Engineer: 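Below is a structure I'd like to ask you about.
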2 protein chains.
Amino acid sequence: MDLAGTIRDVADFPVEGILFKDITTLLKDPQALQETVDRMAAYAGSRDVELVVGVESRGFIFGMPLAYKLGCGFVPVRKPGKLPAEKISESYTLEYGINTLEIHVDAVSEGLRVLVVDDLLATGGTALATCKLIERLGGQVAGAAFAIELGFLNGRDQLNNYDVFSLITFD
Amino acid sequence: MDLAGTIRDVADFPVEGILFKDITTLLKDPQALQETVDRMAAYAGSRDVELVVGVESRGFIFGMPLAYKLGCGFVPVRKPGKLPAEKISESYTLEYGINTLEIHVDAVSEGLRVLVVDDLLATGGTALATCKLIERLGGQVAGAAFAIELGFLNGRDQLNNYDVFSLITFD
């Protein structure tokens, strides 16, 4: 089906001049939801994934059904202060300011093949920080999967050490 | 399996005196993740659910695999400022302060049987606000499903107009 056609463009969100790709219209369409998860899972299967890591909070949306379908565990990577137990963090710069992500230290077993999942690949900063967190815990990044890629932001360049999959690319 | 045994207690999180129920240890266990989703889905099936609504952000974690397994659409209810298109909001009081939740106005079709999903039933304020949002859009609340219920907080009392299911209860 035409998955791209199920995504809604919202002008000037979150700030003026940005054309926001709204996935809520894809998610509420049962057929689009099934196809999105099935195709991301097919990619994950081809990469022998053993654990799924989803980035807060829209990475949870696609990461959890993938983990369920693949029979893997799921690990959330979260914004500061949300994870309760012992954790490590990675910071990365954005156009305006710095973001920080955290993961529990016991989240990834040594050598496990891990899939990074988020809804959107934009500049790649979030995904790269997530890959670093996984590697610091001894995991192998088996791949990174996104529902949407904004090709014009060249996020793949930041992730050139990794295998990257996206379902829908906007150029 | 002993699902309750896969949940980690973390003392004094997020504030002193609170014993936090950490679901990340359940989620990273593939068997516990499968069983949790399967049992919540069995409940949803018994309620003829047509749409799943998950509350930001841990409601996304259980809501999406349920929607996938049931062949339904999924709708996120979010904190203020996160949803890009036209929306309505509900506020509710907490012990300290007020919380507000938002839903897109086109998220629920008239008459649809909707399942509310969150990780935890505590005082019930979040779930009740979510039920009200669904009903204001013309949806029917077919039930509310939680992975964990803190029985001693009596959240069910707030939801006595609705069918409530929880997988693991701590008294």
Side-chain angles (χ1 to χ4, degrees), chain A residues 8-14 18-34 36-38 41 50-54 56-76 78-79 81-87 103-104 106-109 112, chain B residues 8-14 18-34 36-38 41 50-54 56-76 78-79 81-87 103-104 106-109 112:
Chain A
R8 168 164 55 190
D9 284 338
V10 181
D12 300 321
F13 185 87
I18 299 289
L19 188 66
F20 187 82
K21 296 294 178 186
D22 177 17
I23 57 165
T24 67
T25 39
L26 179 156
L27 297 172
K28 78 171 180 175
D29 178 330
Q31 236 187 301
L33 187 155
Q34 293 287 316
T36 299
V37 173
D38 287 343
E50 298 171 297
L51 180 73
V52 175
V53 168
E56 180 171 8
S57 67
R58 289 196 300 259
F60 299 175
I61 285 179
F62 295 109
M64 264 296 286
L66 286 180
Y68 177 76
K69 190 174 166 88
L70 296 165
C72 296
F74 175 80
V75 167
R78 302 206 65 175
K79 290 160 192 162
K82 300 288 190 71
L83 291 173
E86 198 190 338
K87 60 215 173 185
I103 195 169
H104 276 146
D106 63 357
V108 179
S109 304
L112 223 53
Chain B
R8 168 164 55 190
D9 283 338
V10 181
D12 299 322
F13 186 88
I18 299 289
L19 187 67
F20 187 82
K21 296 294 178 187
D22 178 16
I23 57 165
T24 67
T25 39
L26 180 156
L27 297 172
K28 78 171 180 175
D29 177 330
Q31 236 188 303
L33 186 156
Q34 293 286 317
T36 300
V37 173
D38 286 342
E50 298 171 298
L51 180 73
V52 174
V53 168
E56 182 171 5
S57 67
R58 290 196 300 259
F60 299 174
I61 285 179
F62 296 109
M64 264 297 286
L66 285 181
Y68 177 77
K69 189 173 167 88
L70 296 165
C72 295
F74 175 80
V75 166
R78 301 205 65 175
K79 290 160 193 161
K82 300 289 191 71
L83 291 173
E86 198 189 339
K87 60 215 173 184
I103 195 169
H104 275 146
D106 63 357
V108 180
S109 303
L112 224 53

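Just so we're on the same page: letters track the sequence lines, and every chain starts at 1. Everything numeric in this text was worked out from a predicted model, so none of it was measured.
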Engineer: Please report the interatomic distance NZ(B/Lys28) to SG(A/Cys72), rounded to the nearest 0.5 Å.
Structural biologist: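 Interatomic distance, B/Lys28 NZ to A/Cys72 SG, rounded to 0.5 Å: 14.5 Å.
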
Engineer: Are A/Pro65 and B/Pro65 packed together at the side-chain level, in the sense that at least one heavy-atom pair is separated by less than 4.5 angstrom?
Structural biologist: yes

Engineer: Between B/Glu56 and chain A, which part of the residue has a heavy atom less than 4.5 Å away: side chain, backbone, both or neither?
Structural biologist: side chain

Engineer: A/Phe60, A/Phe74, A/Tyr68: which one forms the most heavy-atom pairs within less than 4.5 Å of chain B?
Structural biologist: A/Tyr68

Engineer: How close do B/Pro30 and A/Gly73 get, counting heavy atoms only, and between which atoms?
Structural biologist: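 Scanning both residues, the minimum pair turns out to be CG-N, 3.7 Å.
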
Engineer: Is B/Asp12 close to chain A through its backbone or its side chain, or both, or neither, when contacts mean heavy atoms under 4.5 Å?
Structural biologist: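 For B/Asp12, there is no contact with chain A at all, as no heavy atom is under 4.5 Å.
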
Engineer: Got A/His104 and B/Thr25 here, is their nearest side-chain heavy-atom distance under 4.5 Å?
Structural biologist: no

Engineer: Sort out for me which of B/Leu70, B/Leu33, B/Val75 touches chain A most, counting heavy-atom pairs under 4.5 Å.
Structural biologist: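 Of B/Leu70, B/Leu33, B/Val75, B/Leu33 has the most heavy-atom pairs under 4.5 Å with chain A.
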
Engineer: At what distance, to the nearest 0.5 angstrom, does OG1 of A/Thr24 lie from NZ of B/Lys82?
Structural biologist: 14.0 Å

Engineer: Is it the backbone or the side chain of B/Pro14 that comes under 4.5 Å from a heavy atom of chain A, or both, or neither?
Structural biologist: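 Neither; nothing under 4.5 Å.
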
Engineer: With respect to chain B, which residue among A/Asp106, A/Leu51, A/Thr36, A/Leu83 yields the maximal number of heavy-atom pairs within a distance under 4.5 Å?
Structural biologist: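 Among the listed options, the one with the most contacts to chain B is A/Asp106.
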
Engineer: Below 4.5 Å from any heavy atom of chain A, which atoms of B/Leu26 appear? Answer side chain, backbone, both or neither.
Structural biologist: neither

Engineer: For chain B, which of A/Pro76, A/Ala67, A/Gly54, A/Pro84 has the most heavy-atom pairs under 4.5 Å?
Structural biologist: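 Looking at each option in turn, the highest pair count goes to A/Pro84.
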
